[in-house]
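Notes follow the structure.
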Amino acid sequence: MKISKEKLDIIMAQKQMYIKEICEASGLPKETFKQARSGARNPKPKTIGRIAAALGVDVTEIIETERE
């Protein structure tokens, strides 16, 4: 699985959340979040789940699909 940066950025704007707030809510280090968001590394499913939970959305709303 890979996080869609575009989808994530849209949700962050809708929720009016900064990276720092998401990291605090998810318990993830800032660097881990940034790498997952940029695609520098493929995050573990648990990491994606923690990001989605911090944003209050379903995982399917932030991951890339085959159609993208």
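When a residue number appears, it is its place in the shown sequence, counting from 1. Every value quoted in this text rests on a predicted model; they were computed, and no experiment measured them. Excluded from the calculations below are hydrogen atoms, water molecules and symmetry mates; all remaining heavy atoms, backbone and side chain alike, are included.
Of the possible polar contacts, none joining the Lys5 side chain to the Gly39 backbone as a donor-acceptor pair under 3.5 Å is found.
Considering Asn42, Ile63, Ile62 in turn, Asn42 is the only one that fulfils the side-chain contact (heavy atoms from CB on, under 4.5 Å) rule with Lys2.
Between Met1 and Pro43 the shortest side-chain heavy-atom distance does not fall below 4.5 Å.
In this structure, CG on Leu8 lies 6.5 Å from CD1 on Ile51, to the nearest 0.5 angstrom.
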Quiz: residues 29-37 side-chain donor-acceptor pairs under 3.5 angstrom, not counting sequence neighbours:
| unit_1 | atom_1 | unit_2 | atom_2 | d |
| --- | --- | --- | --- | --- |
| Gln35 | OE1 | Arg41 | NH1 | 2.9 |
| Arg37 | NE | Asp9 | OD1 | 2.9 |
| Arg37 | NH2 | Asp9 | OD1 | 2.7 |

May I have the list of side-chain donor-acceptor pairs in residues 52-61 shorter than 3.5 Å, sequence neighbours left out?
| unit_1 | atom_1 | unit_2 | atom_2 | d |
| --- | --- | --- | --- | --- |
| Asp58 | OD2 | Thr60 | N | 3.1 |
| Asp58 | OD2 | Thr60 | OG1 | 2.6 |

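Evaluation of the side chain to side chain donor-acceptor pair (under 3.5 Å) test over residues 16-28, restricted to residues two or more places apart or in two chains, returns none.
If you chain together hydrophobic residues whose side chains sit under 4.5 Å apart, Met17 and Ile10 never meet in one group.
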